[in-house]
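Structure first, commentary second.
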Amino acid sequence: MTIYHFVGIKGSGMSALAQVLHDMNLQVQGSDYEKRFFTQAALEEAGIKILPFQKENIEPGMTVIAGNAFPDTHEEIQEAMKLGLPIVRYHRFLGDFLQNFTSIAVTGAHGKTSTTGLLSHVLQGAKPTSYLIGDGTGRGKEEAEYFAFEACEYRRHFLSYSPDYAIMTNIDFDHPDYFANIDDVFSAFQEMSWQVKKGIFAYGDDEQLQKIQAKVPVLFYGFGEDNDFQARNIVKSTEGTTFDVFVRNTFYHTFSINAYGDHNVLNSLGVIAVCHYEEIDADIIQEQLSSFGGVKRRFSEKQIGSQVIIDDYAHHPTEIKVTVEAARQKFPEKEIVAVFQPHTFTRTQTFLSEFAESLNTADKVYLCEIFGSARENHGKLSIEDLQEKISDAEILTEEDTAVLKKHEDSVIIFMGAGDIQKFQAAYEKQLLMN
């Protein structure tokens with residue numbers, strides 16, 4: 001029996017795939033840098049062996065799954081080539097693996113992880129479901145009929161997949177280190193659309209997605225009346241959100257979610273549309289929507305003393321804005337404090353004004369040093385360039401987070417895709433010292 005060896009097993013997609021294969025009783029191990037990464041806990045809990053990188057890890061009879069961050073010159077990949085082992089890149093392996101199920105890809109500039117998490121949870125209420133989520137979570141069931149997975153547009157990786165269905169949450173300009181402009185992003189999604197085999201569920205109030213063409217039906221969901229699936233009569237409260245769903249102007253069902261902000265209504269609507277198409281009972285959908293606990297690093301909250309601390313992956317101006325909005329819905333009486341770490345110099349430079357605009361919707365802003373990427377040279381840009389555009393913004397360092405204590409009875413949102421969690425950890429340590 002072959003051992004599946006993952007080169008770079010701590011990567012969020014890689015760790016999730018390793019968990020899926022492990023759950024399906026396949027032999028799995030992997031290697032990575034020794035630095036601790038947030039995906040590690042789930043691998044350790046599953047008893048999956050994690051080794052430090054070295055060519056001795058590679059042995060005859062293995063199948064090597066290589067993470068995209070690692071070039072062919074990596075010592076383990078070189079050793080696998082020498083031994084003549086099969087070497088498959090992560091996306092190619094996943095693309096082939098999907099063919100065993102009714103597969104549903106979730107893609108879009110924003111909302112992929114939350115929507116994939118919700119979709120997999122709802123589907124599980126009806127039939128055995130395997131899933132792979134970009135927060136490093138994966139589950140495999142040997143008898144699975146459905147496979148829900150996150151499909152990322154970065155570097156056009158999602159073109160490795162030919163899913164049965166796709167949910168497209170939105171198209172927005174992001175990853176400026178790779179995409180030239182919004183038209184370039186659109187062309188990637190258009191190409192992906194030709195590969196979908198049964199149907200596409202797209203956010204219909206997005207002017208880019210309205211232009212999508214495909215060989216299969218494209219069904220739209222959203223707030224506008226032209227959508228096939230429309231949310232109406234939305235009632236927002238501090239407990240969550242309730243809305244009616246109309247399918248082609250005919251009332252279908254009333255749904256309630258324990259989530260906040262318009263974006264979560266839309267994520268739910270995309271999931272409801274797929275389930276309706278697959279003839280899953282509306283009561284099952286509602287039951288599963290109610291019991292969904294969220295995904296990692298998406299509005300993950302905890303109460304410490306008088307403060308609510310929220311951890312969120314928001315790293316694009318659009319995401320920051322909706323995260324602050326969601327916090328205002330749930331905590332209308334509290335001060336909203338944003339602690340933001342920009343992720344990559346190219347993204348910060350490209351969206352400097354938009355970041356300022358989004359962050360200004362919070363009551364108070366603290367900024368952390370820009371988290372660079374291995375692929376870029378930061379040039380002259382600094383965090384002060386963003387600070388200048390935000391009224392009363394302050395710079396926060398890991399050594400001096402105590403300044404946040406003065407915001408009593410407030411909501412503090414730590415946002416970013418880099419290592420923003422170290423600032424949160426430092427602050428929580430400060431609080432516990434009291």
Side-chain angles (χ1 to χ4, degrees), residues 12 35-38 110 113 135 174-177 296-302 304 307-327 334-408 410-433:
S12 50
K35 183 186 172 192
R36 188 153 189 91
F37 200 57
F38 76 92
H110 318 295
T113 298
D135 66 352
D174 194 10
H175 305 296
D177 61 322
K296 288 180 210 159
R297 300 225 52 224
R298 303 303 186 277
F299 212 78
S300 308
E301 57 182 273
K302 57 172 88 164
I304 303 180
Q307 293 178 329
V308 177
I309 312 282
I310 293 175
D311 172 31
D312 198 277
Y313 189 67
H315 59 284
H316 183 282
T318 306
E319 296 164 356
I320 290 168
K321 202 165 163 225
V322 300
T323 302
V324 172
E325 269 171 26
K334 291 183 184 284
E335 178 192 27
I336 307 295
V337 179
V339 180
F340 176 61
Q341 180 194 49
H343 184 253
T344 77
F345 290 95
T346 43
R347 186 184 278 118
T348 311
Q349 183 79 67
T350 306
F351 301 119
L352 202 63
S353 298
E354 291 87 342
F355 273 128
E357 205 178 303
S358 295
L359 287 163
N360 271 321
T361 62
D363 299 313
K364 173 70 182 175
V365 177
Y366 292 91
L367 298 169
C368 309
E369 281 299 337
I370 299 167
F371 185 91
S373 108
R375 291 183 296 273
E376 59 182 7
N377 178 4
H378 63 265
K380 298 184 179 68
L381 184 77
S382 76
I383 194 65
E384 283 76 17
D385 294 309
L386 180 56
Q387 184 187 15
E388 279 171 24
K389 293 179 172 284
I390 301 166
S391 52
D392 198 29
E394 293 179 43
I395 306 290
L396 190 76
T397 63
E398 197 183 345
E399 295 69 40
D400 187 23
T401 56
V403 64
L404 298 173
K405 286 182 187 173
K406 68 181 183 191
H407 298 280
E408 287 181 28
S410 67
V411 177
I412 301 179
I413 313 173
F414 288 86
M415 289 185 277
D419 56 6
I420 182 72
Q421 290 150 304
K422 71 182 186 185
F423 295 89
Q424 183 178 339
Y427 180 55
E428 287 179 10
K429 202 168 161 187
Q430 280 279 344
L431 288 175
L432 296 171
M433 278 160 63

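Under a 3.5 Å cut-off, the side chain of His175 and the backbone N or O of Asp177 do not form any donor-acceptor pair. Side chain of Glu319 to main chain of His315: a donor-acceptor pair is present (N/O by atom type, distance under 3.5 Å, no hydrogens or angles). Using a distance-only test at 3.5 Å, with no hydrogens or angles considered, a donor-acceptor pair links the side chain of Asn360 to the main chain of Ala356. Formation of a donor-acceptor pair under 3.5 Å by the Asp363 side chain with backbone atoms of Ile336 is found in this model.
Residues passing the side chain to side chain contact (heavy atoms under 4.5 Å, CB included) test with Ala326 are Tyr260, His263, Phe299, sequence neighbours excluded. Listed by chain and number, the residues in a side chain to side chain contact (heavy atoms under 4.5 Å, CB included) with Ser353 are Lys389 (sequence neighbours excluded).
The environment of NZ in Lys406 is crowded: more than 12 heavy-atom neighbours from other residues, nucleotides or ligands sit within 6.0 Å. The environment of Glu408 atom CD is sparse: at most 12 non-hydrogen atoms of other residues, nucleotides or ligands sit within 6.0 angstrom.
With no hydrogens or angles considered, a side-chain donor-acceptor pair links Tyr366 and His407 at under 3.5 Å.
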Under 3.5 Å, side-chain donor or acceptor atoms of residues 411-427 against the rest of the protein: list the pairs with distances, not counting sequence neighbours.
from   : atom 1 : to     : atom 2 : distance (Å)
Asp419 : OD1    : Gln341 : NE2    : 2.7
Asp419 : OD2    : Lys422 : NZ     : 3.3
Gln424 : NE2    : Glu428 : OE2    : 2.9
Tyr427 : OH     : Gln307 : OE1    : 2.6
Tyr427 : OH     : Gln307 : NE2    : 3.2
Tyr427 : OH     : Leu404 : O      : 3.4
Tyr427 : OH     : Lys405 : N      : 3.4

>> Applying side-chain contact (heavy atoms from CB on, under 4.5 Å) to Leu396 and Thr401, what does each step give before you reach the verdict?
In response: CA-CA 6 Å; Leu396 190 76; Thr401 56; 4.3 Å; yes
>> For a salt bridge (charged side-chain N to carboxylate O under 4.0 Å, His left out) check, start with the C-alpha distance between Glu357 and Lys321, then their side-chain angles and the critical distance, and finish with the verdict.
In response: CA-CA 9 Å; Glu357 205 178 303; Lys321 202 165 163 225; 6.0 Å; no
>> Between Val337 and Glu335, is the side-chain contact (heavy atoms from CB on, under 4.5 Å) condition met? List the steps.
In response: CA-CA 6 Å; Val337 179; Glu335 178 192 27; 3.9 Å; yes
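Side chains of Ile320 and Thr361 form no contact here, defined as non-hydrogen atoms less than 4.5 Å apart. Residues Thr348 and Ile383 form no side-chain contact, since every pair of their non-hydrogen atoms from C-beta on lies 4.5 Å or further apart.
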